[in-house]
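Numbers for residues simply follow the sequence, beginning at 1. Numbering of ligands and ligand atoms starts at 1, following listing order.
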Amino acid sequence: MKPYLGTLGGTKEILKKYGFVFQKKYGQNFLIDSHILEKIVKAAEIEDDDFVLEIGPGIGTMTQYLASAARKVVAVEIDRFLIPVLEDTLKEFPNVEVIQKDILKVDLAGLIQEKNQGKPIKVVANLPYYITTPILMELLEQKLPITSITVMVQKEVADRMRMGPGTKEYGALSLAVQYYAKPCTAAQVPPSCFIPRPKVGSTVIQLKIYEKPPVIVKNEQFMFQVIRASFNQRRKTLVNGLLNYPGFSLEKDKILEALETCGIPGNIRGESLSLVQFAQLSNALNERL
Ligand code: SAM
């Protein structure tokens, strides 16, 4: 079955049929542009043997496109009022399974094991913007068998994910994403492609998950603490950020010594350090705890 949703008229018709009322708290902005939908599926590099996890199918628009390209799609939707709609719009797509649940409460490792025998999956979503970062961090930090994550996010968040040192967008999110994945921008999407229209522009970004992180880190959790501490007070030096971070009890001379071992100046700010330097520094600090 070919996808037939993805227009303003078709979407309005479905919404009217079910008397659907948009819930702002769930970040509901539905796609109404078939070109963008095709672009997303292309960017996600879906092949006919792929298993796709879709987060937030809405009325099933992108789900139809994904189901036409993949072997199997599991779509997790929190809003119970969308379930009867999805049963209708996806009835001709037998390779789709809808689960009504909050994605942050789903045992993802268990789901991949049960539905795809633990084999690698692809994640595709037009994410609800109010929980973009927690969803991405769950997907990345759990080290699940995922080959890529292709998501529509707020343009500003996509910029934070892909930028490097010395830019105002660079921060803890950039480093977390770039430690686990290679980000590639796939499309810029204006508010007019959604109903209702969001206030901001959106970007489709593909994260290709690394088999192995690009840097060697002895204690990942500690490196991410060092990163958070360094960006906690952006205007202060990295040394002050580390000294003032609650829960850290690093002594100043030990921090300076670690910086020197890594060839990093003592007055540097966190925003100037690359992922490689954060890895080196956290390894050096870890030895001095
Ligand atoms: N995929 C649809 C589209 O592109 O037209 C809808 C995208 S809309 C931006 C986000 C969707 O995520 C909504 O359907 C919303 O109800 C759902 N959602 C919001 N929070 C969720 C959560 N915690 N778990 C699962 N789905 C969620």
Side-chain angles (χ1 to χ4, degrees), residues 3-15 18 20-44 46 52-70 73-90 93 96-108 111 122-139 142 149-158 186-187 189-205:
Y4 60 84
L5 285 171
T7 62
L8 177 60
T11 303
K12 275 189 167 169
E13 209 175 289
I14 296 278
L15 297 176
Y18 287 90
F20 181 76
V21 181
F22 286 101
Q23 301 226 49
K24 222 175 170 187
K25 66 172 177 183
Y26 289 148
Q28 292 173 337
N29 300 97
F30 297 164
L31 268 167
I32 48 164
D33 186 310
S34 56
H35 297 294
I36 296 295
L37 287 150
E38 279 157 15
K39 258 193 185 173
I40 297 174
V41 176
K42 193 164 173 230
I46 307 292
V52 177
L53 168 66
E54 188 192 2
I55 300 162
I59 61 162
T61 307
M62 192 157 75
T63 326
Q64 290 192 345
Y65 287 74
L66 294 170
S68 312
V73 180
V74 167
V76 179
E77 173 58 59
I78 196 169
D79 187 351
R80 67 188 171 89
F81 293 110
L82 285 168
I83 304 304
V85 184
L86 289 163
E87 276 167 11
D88 182 355
T89 58
L90 300 172
F93 297 83
V96 179
E97 187 181 336
V98 175
I99 298 173
Q100 195 237 319
K101 212 163 177 178
D102 176 349
I103 190 68
L104 294 177
K105 295 193 178 135
V106 173
D107 165 14
L108 292 167
L111 183 141
K122 289 179 178 162
V123 177
V124 185
N126 170 12
L127 285 177
Y129 293 172
Y130 75 107
I131 43 165
T132 300
T133 307
I135 293 177
L136 287 174
M137 293 325 296
E138 277 289 305
L139 293 170
Q142 285 193 48
I149 303 173
T150 307
V151 280
M152 172 100 70
V153 296
Q154 235 174 292
K155 181 188 175 300
E156 183 236 324
V157 177
V189 186
S192 58
C193 294
F194 303 86
I195 178 174
R197 291 185 181 193
K199 289 196 178 72
V200 290
S202 304
T203 299
V204 178
I205 190 162

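Under the 4.5 Å side-chain criterion, counting only non-hydrogen atoms from C-beta, V189 is in contact with M152. Taking 4.5 Å as the limit, every side-chain heavy atom of L53 sits out of range of all side-chain heavy atoms of K122. Side-chain contact between P191 and V200: absent, with no pair of heavy atoms (C-beta onward) separated by less than 4.5 Å. Side-chain contact between I40 and V151 is absent, with no heavy-atom pair separated by less than 4.5 Å.
Atoms of ligand 1 lying under 4.0 Å from at least one heavy atom of L31, given by number and element, are 3 (C), 4 (O), 5 (O). Close approach of ligand 1 to V76 is summarised as follows: ligand atoms under 4.0 Å from at least one heavy atom of the residue are 25 (C), 26 (N). Listed by number with element, the atoms of ligand 1 under 4.0 angstrom from any heavy atom of N126 are 3 (C), 4 (O), 7 (C), 8 (S), 9 (C), 10 (C). Less than 4.0 angstrom separates some heavy atom of G27 from each of these atoms of ligand 1: 8 (S), 9 (C), 10 (C). Per-residue contacts place D102 under 4.0 angstrom from the following atoms of ligand 1 (heavy atoms of the residue considered): 22 (C), 23 (N), 24 (N). Of all the atoms in ligand 1, the ones that sit under 4.0 Å from a non-hydrogen atom of L82 are 14 (O). Here is the list of ligand 1 atoms found below 4.0 Å of a heavy atom in E54: 1 (N). Heavy-atom proximity to L127, at under 4.0 Å, picks out these atoms of ligand 1: 9 (C).
The proximity of F194 to ligand 1, defined as any non-hydrogen pair under 4.0 Å, does not occur for either the backbone or the side chain. Residue P57 touches ligand 1 through its backbone alone, judged by heavy-atom distances below 4.0 Å. At a heavy-atom cutoff of 4.0 Å, ligand 1 is contacted by the backbone of K101 but not by its side chain. Residue contacts with ligand 1 for T63 are absent, since no atom lies close enough (heavy atoms, distance under 4.0 Å). Using a 4.0 Å cut-off between heavy atoms, L104 makes no contact with ligand 1 at all.
Put simply, the side chain of E54 never gets that close to the backbone of L66: no donor and acceptor are under 3.5 Å apart. Between the side chain of N126 and the main chain of P57, no donor-acceptor pair closer than 3.5 Å is present. A donor-acceptor distance shorter than 3.5 angstrom exists from the side chain of Q100 to the backbone of I78, with no hydrogens or angles considered.
Put simply, the residue from I135, I55, V123 that forms a side chain to side chain contact (heavy atoms under 4.5 Å, CB included) with I149 is V123.
Residue contact check for ligand 1: L37 places no non-hydrogen atom closer than 4.0 Å to it. For the pair Q23 and ligand 1, no heavy-atom separation below 4.0 Å is found.
In the displayed structure, E97 atom CD is contacted under 6.0 Å by more than 12 heavy atoms of other residues, nucleotides or ligands.
To the nearest 0.5 angstrom, I195 atom CD1 is 6.0 Å from I32 atom CD1.
Taking only nitrogen or oxygen atoms, main chain and side chain alike, I131 does not reach within less than 3.5 Å of ligand 1.
Ranking protein heavy atoms by distance to atom 20 (N) of ligand 1, first place goes to Y130 OH, 2.9 Å. Nearest non-hydrogen protein atom to atom 12 (O) of ligand 1 is G56 CA, 3.2 Å. From the protein, the heavy atom lying nearest to atom 19 (C) of ligand 1 is Y26 O, 3.1 Å. Protein heavy atom in closest approach to atom 24 (N) of ligand 1: I103 N, 2.9 Å.
Taking every heavy atom of both residues into account, F20 and L82 meet most closely at CE1-CD2, 3.4 Å. Annotation for T63 and A75: closest pair CG2-CB, 4.3 Å, computed over non-hydrogen atoms.
For atom 27 (C) of ligand 1, the choice among I78, I135, I99 with the nearest heavy atom turns out to be I78. Of the options Q28, E77, K25, R80, the smallest heavy-atom separation from atom 14 (O) of ligand 1 is shown by E77.
Here the two rings, on Y26 and Y130, have centers that are 6.0 Å apart or farther.
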